[in-house]
Amino acid sequence: MTAPDDSMTGPIEEPLGYDPSVVEARWRQRWADLGTHKTDLAHGKKPFYALMMFPYPSAEGLHVGNLFAFTGSDIFARFQRLQGHTVFEPLGYDAFGIHSENFALKVGKHPMELIPSNIRNFRRQLDRAGLMVDWSRSLDTTDPEYYKWTQWVFLQLYKRGLAYKKAAAVNWCPSCKTVLANEQVEGGACERCGATVEQRFLEQWFFKISEFSPRLLENLERLDWSETTKQAQRNWIGRSEGARLRFRVLDPFVDAGSSTVAVTTEMTMADAPEIEVFTTRPDTIFGATYLVLAPEHPLVSVITTPQQQAIVDEYRVRSANQDLITRKTTKEKTGEFTGAYAMNPATCALIPIWVADYVLMEYGTGAIMAVPGHDERDFEFATKFDLPIVRVVAGEGQNAHTPFAGAAFVGDGTLVNSQQFEALPVSSAKRVLTEWLEAMHAGKAVTNYRLHDWCISRQRYWGPPIPIIYCDSCGTVPVPEDQLPVVLPNIPDFKPDDSGVSPLARHEEWYRVPCPTCGAKARRETDVSDTFLDSAWYFLRYPSVGRNDVAFDAETTKRWLPVTTYIGGNEHAVLHLLYSRFITMVLHDMGLLDFEEPFTKFRAHGLIIREGAKMSKSKGNVVNPDDYIDQWGADAFRTYLMFLGPFEEGGDFRDAGISGVKRFLDRLWASVRDCSTAGAPDVEVMRKLAATIKKVGEDTPSLSYNTAIAAMMEYMNTLRRGERTAHRAEVEPVVQLVAPFAPHIAAELWEMLGHIESVFDSQWPTYDATLLVSDTIDLIVQVGGKTRGKLVVAKSITQDQALAAATADPAIGKFITGEPKKVIFVPGRLLNVVV
RNA sequence: GCGAGAGUGGCGGAAUUGGUAGACGCGCAGGACUUAGGAUCCUGUGCCGCAAGGCGUGUGGGUUCGAGUCCCACCUUUCGCACCA
């Protein structure tokens, strides 16, 4: 390389000759023309599927958070390409759903008009970011060619008996006018608009994901995922071991006046209903002093005595009408006595049955045995309603008579007041008592899961219609696969109303269809499906985009899936990732996929914060990437985003920091431009280069982008120290190292160095490992544990030699004031002299 | 309340198995080149101190020759979950 004539180009105006806007525009065009980012799915060697979570194309455009995630994923993908993999990096749009619909309503535009223009704008912004995306295989969930297959997925689940319809109490958002999944309710308020959620009773389609709970949980152990993500899924699946116990309900008249039940009441007991409870503490059965049923429990109406009927009914109505927010967040206990009693199978005592809303119908059996002595909630309830509290566990220093100091004792201990089980430790009592109760046919050990079925119905417009037809004679009929897609009609009145039915239900011309089976008059399902269904299978579609005869091509899928690396936000740790795993499992069980886990490796990226807060429009701290790219170039912006913190933790965005990264690129540019081939490269510089190649090669695949960049900056400092001119061999490999981070400048410099093929098809640089081995080491010398200096010594130095050298060194020797009492010598590292 | 993570200069952040705390960058200070500098380059920059030296990784203990790193208690904070029996 020869330096351009500075007097001609004007060093003051353009000191380095690096103009990102020119370089980046040029390479965008080149890459598009040459198809550099198109993946040869059929023939490419060492397939590597680098997936990033696709965005919802909002009207506001791409924000820095999106770009941060995409850039991190893109760097990983580009690095893998430099490692010799054939990398497939697709990107598409998750454009259905309530976000789009609400925005469309707000601005008074139709989503069918809005979404395409949003997508165009996103695409424009994404193109500038320099992503290695294969746009020939993009997808858009609102495209009938895509959602045809989303509907197909629904039909597969329906065929397997995994999709069913039931009437259920659902969360109703009065503001969004739609049903929300439990997962979309945060603390009783609508996740989206914050409005107070109410209960409604509607017919809904559900997927039986709960049947897969054990598998979804167990498979986690084998996945290479961020630990926090796995933990979030474990918590959500919520496995707990315990027992189901049966309590016989007794006729209060027959047993009136007796505190225990004699064998003579057996006849009454035979026809009496039983209440089944789930407990994780069967060991505390002797302390169960009452039962509680959820207000919705079907047995409430059966067992309630005539005297209590009115008051219990009133309580049930009240809790049914109560919005879920108050019910779930108010800790104040309420409840009513049903007038009925049950027999505690351990003590044979009669215990009252209450109804209270602190027991939830959707968990366990909807009924509990209350052990107020050893459960905080039961203690609170028992205290409020003056129910007996019995101690059956004694902790350290406690006995059967130790009073409760205003709180339940939930700690570990041994059983008391428990007849033949006295003094048994809680740990073994769980098993022993369960076996005992099993022998009495009063219960059995069970594992319970918190995960409940996935409600996929949405009474909204902007989603794929659920492909079901209702016929008076044939019943529920799935739309035949060859009649897919069920196209979402373009209707002007897509606004939901208070009726609780989808806007599609107002369009008779759409929902009136002949039954596919018998031809009689029938009607379509007018609900659309949850957006999470669109995204629960999209990764299967990318490699098969363009195949309109199948959802995913078997051979291509076999070659490219499961996804090698998936990068996305931890906000989808539970829902999206769990649903994707579930759908994959189902398709696997049907023999359509040969794997049952879709994402071999998943890493969650962090969040970009600014001015101490997560970027959001409401906080007014959003950054428009366009402005930064205009000013600094995409390469500097990408590199800066990755430099501001560990990728998996996110970082603090400040305008000030970007200049340092830009300077780094400027210096790299200048070094390449000015480099010479005269003479030999400097050994010390080459040593540093070897260390840098090693470090960047280790940090990049572990997503430690910030330290990889720091290492490259450090090397540039070494390379240019004292304004020296770089030798070509000293700087050429840096172009390859920086390529995943700053692809445009790397491509330009690589070409400047005379290469014809793309830098991304060059191999990752190698280094001479022998350069990293040195004969001398820095020996740290401490005196009395305090560091006093370091000595450059031969690697093979012995303890005695080191001690002599340390004593001889004036700066260190002066601290060695007497005979060494003790000498610690770590060969090759450190000498500590204790005097 | 439960679960997981995090507290390091003026700021963002680095620190293999415990072994020179503060890499890299921002900012700041000084200098060079300049008509100019908000460009570029060089040098310096944890705190106190003229220095020798001392003190320093949220707080208080502990283990160790030696602790940002390990142990115990506590404080602060972020993110999940939240009456899940």
Side-chain angles (χ1 to χ4, degrees), chain A residues 11-16 186-188 226-232 234-236 238-240 242 277-281 284 292 327-333 356-360 362-371 374-378 380-381 448-452 570-571 573-574 606-607 609 614 640 643-646 649-661 663-664 666-667 670 704 706-717 720-723 778-790 814 820-826 829-835:
Chain A
I12 289 159
E13 302 305 322
E14 196 59 73
L16 293 162
E186 282 177 355
S226 307
E227 193 46 44
T228 52
T229 312
K230 290 210 267 189
Q231 196 53 45
R234 282 189 205 107
N235 292 343
W236 192 261
R239 178 191 151 101
S240 55
V277 305
F278 173 73
T279 180
T280 53
R281 296 295 305 273
T284 60
V292 187
R327 172 147 175 197
K328 285 212 166 188
T329 55
T330 310
K331 305 282 183 192
E332 178 69 25
K333 297 284 180 288
D357 68 2
Y358 81 95
V359 173
L360 310 172
E362 66 261 26
Y363 184 76
T365 61
I368 62 154
M369 67 175 203
V371 185
H374 306 284
D375 181 281
E376 286 167 11
R377 298 151 300 182
D378 298 343
E380 198 187 320
F381 191 82
N448 199 59
Y449 295 89
R450 198 174 74 97
L451 182 65
H452 37 246
N570 230 354
E571 68 272 21
V574 175
L607 291 175
I609 58 164
K614 186 172 152 182
Y640 172 61
F643 185 61
L644 45 77
E649 284 164 39
D652 191 355
F653 189 98
R654 289 163 308 126
D655 296 15
I658 194 167
S659 60
V661 172
R663 255 197 293 277
F664 162 68
D666 285 340
R667 283 184 239 197
S704 303
N706 56 332
T707 52
I709 295 163
M712 290 188 277
M713 288 174 164
E714 206 177 325
Y715 177 66
M716 287 308 293
N717 290 344
R720 295 170 64 79
R721 181 140 313 162
E723 299 185 68
D778 290 350
L779 186 78
I780 294 136
V781 182
Q782 300 180 336
V783 179
K786 281 196 200 307
T787 301
R788 295 300 182 182
K790 82 175 175 187
K814 67 180 176 184
K821 269 202 287 205
K822 190 172 178 184
V823 178
I824 289 103
F825 182 65
V826 183
R829 287 210 109 130
L830 161 137
L831 176 77
N832 186 6
V833 184
V834 186
V835 290

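A, B, ... follow the sequence lines: proteins, then strands. Residue 1 opens every chain.
Without hydrogens or angle criteria, A/Asn448 side chain to A/Ser240 main chain gives no donor-acceptor distance under 3.5 Å.
Contact annotation: A/Arg788 reaches the phosphate of B/rG54 (side-chain N/O to OP1 or OP2, under 4.0 Å). Using a 4.0 Å cut-off, no side-chain N or O of A/Arg281 falls inside it from OP1 or OP2 of B/rA85. Note on A/Arg720: every side-chain N or O is 4.0 Å or more away from OP1 and OP2 of B/rC42. The side chain of A/Thr787 contributes an N or O atom lying less than 4.0 Å from OP1 or OP2 of B/rA21.
Annotation: the span from A/Asn706 atom CG to A/Tyr640 atom OH amounts to 12.0 Å, rounded to 0.5 Å. To the nearest 0.5 angstrom, A/Asn832 atom CG is 12.0 Å from A/Phe825 atom CZ. The structure places NZ of A/Lys333 at 7.0 Å from OH of A/Tyr358, a figure rounded to the nearest 0.5 Å. Here the straight-line distance linking atom OG1 of A/Thr707 with atom CE of A/Met712 works out to 9.5 Å at 0.5 Å rounding. In this structure, CZ on A/Arg663 lies 11.5 Å from CD1 on A/Ile658, to the nearest 0.5 angstrom.
With a cut-off of 3.5 Å on both Watson-Crick or G-U wobble distances, the partner of B/rG38 is given as none. B/rC11 and B/rG25 make up a base pair, with Watson-Crick or G-U wobble contacts both under 3.5 Å. Across the strands present, B/rG1 finds its partner in B/rC81; the criterion is a Watson-Crick or G-U wobble pair with both atom distances under 3.5 angstrom. In a base pair of the Watson-Crick type (N1 to N3 plus N6-O4 or O6-N4) or a G-U wobble (N1-O2 and O6-N3), with each distance short of 3.5 Å, B/rA52 is matched with no nucleotide. Under the Watson-Crick and G-U wobble criteria, each requiring two contacts below 3.5 Å, nucleotide B/rU76 is paired to B/rA6.
Within the 4.0 angstrom heavy-atom criterion, no nucleotide atom of any strand lies near A/Arg234. Residue A/Gln782 is classed as a base contact, given a heavy-atom separation below 4.0 Å to a base. Using a 4.0 Å heavy-atom criterion, one finds that A/Asn717 contacts the sugar-phosphate atoms exclusively. At the heavy-atom level, A/Leu644 lies under 4.0 Å from the strands shown only through sugar-phosphate atoms. Residue-level contact check: A/Asn706 touches the backbone only, with heavy atoms under 4.0 Å from sugar-phosphate atoms and none from bases.
Side-chain contact between A/Asn235 and A/Arg450 is absent, with no heavy-atom pair separated by less than 4.5 Å. Taking 4.5 Å as the limit, some side-chain heavy atom of A/Met369 sits within range of a side-chain heavy atom of A/Thr284.
Side chain of A/Trp236, nearest nucleotide from B/rG25, B/rC26, B/rA82: B/rA82. With distances taken from any side-chain atom of A/Pro646 to the nucleotides B/rG13, B/rU20, B/rC26, the minimum falls on B/rG13. Among B/rA85, B/rA23, B/rG13, the nucleotide with an atom closest to any side-chain atom of A/Ser240 is B/rA85. Side-chain proximity of A/Ile368 to the nucleotides B/rC26, B/rA85, B/rG19 is greatest for B/rA85. The side chain of A/Val826 lies closest to B/rG19, out of B/rG19, B/rC81, B/rA85. Comparing B/rG27, B/rU20, B/rC81 by their closest approach to the side chain of A/Ile780 singles out B/rU20. Picking from B/rG19, B/rA85, B/rC83 the nucleotide with the shortest atom distance to the side chain of A/Lys333 gives B/rC83. Listed nucleotides B/rG27, B/rG19, B/rC83 differ in distance to A/Arg663; the shortest reach to its side chain belongs to B/rG27. Among the nucleotides B/rC24, B/rA14, B/rC81, the one closest to the side chain of A/Glu714 is B/rC24.
A gap of 14 Å separates the C1' atoms of B/rG25 and B/rU45, to the nearest Å. Across B/rG13 and B/rC2, the matching P atoms stand 29 Å from one another, rounded to whole Å. B/rG30 and B/rU77 have their C1' atoms separated by 39 Å, given to the nearest Å. Using atom P as the reference point in both B/rG49 and B/rG12, the two lie 25 Å apart (nearest Å). Comparing the same atom, C1', in B/rG22 and in B/rA14 gives a spacing of 7 Å after rounding to whole Å. For the P atoms, the distance from B/rU40 to B/rC26 is 10 Å, rounded to whole Å. Comparing B/rC70 with B/rG38, their C1' atoms sit 49 Å apart, to the nearest whole Å. With both ends at atom P, the span from B/rG68 to B/rG58 equals 10 Å, rounded to whole Å.
Nearer the 5' end of RNA chain B, as judged by each residue's closest nucleotide, is the contact made by A/Ile709, out of A/Ile709 and A/Ala367.
Following rounding to the nearest Å, A/Leu830 (CG) and B/rA67 (P) show an atom-to-atom distance of 12 Å. Spacing between atom CD of A/Glu380 and atom C1' of B/rA85 amounts to 14 Å, rounded to whole angstrom units. Nucleotide B/rG13 holds its P atom 17 Å from the CD1 atom of A/Ile658, rounded to whole Å. Here the C1' atom of nucleotide B/rU8 and the CG atom of A/Asp652 are 16 Å apart, to the nearest Å. The CG-C1' distance, from A/Asn832 to B/rU20, rounds to 13 Å in whole Å.
Crowding of A/Glu571 atom CD: a count of heavy atoms from other residues, nucleotides or ligands under 6.0 Å exceeding 12.
Checking A/Asn570 against A/Ser226 by side-chain atom types alone, no donor-acceptor pair falls below 3.5 Å.
Base orientation of B/rG9: syn (glycosidic angle within 90° of 0).
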Quick one: what's the B/S/- string for nucleotides 1-7 of chain B, heavy-atom cutoff under 4.0 Å, read 5' to 3'? --SS---
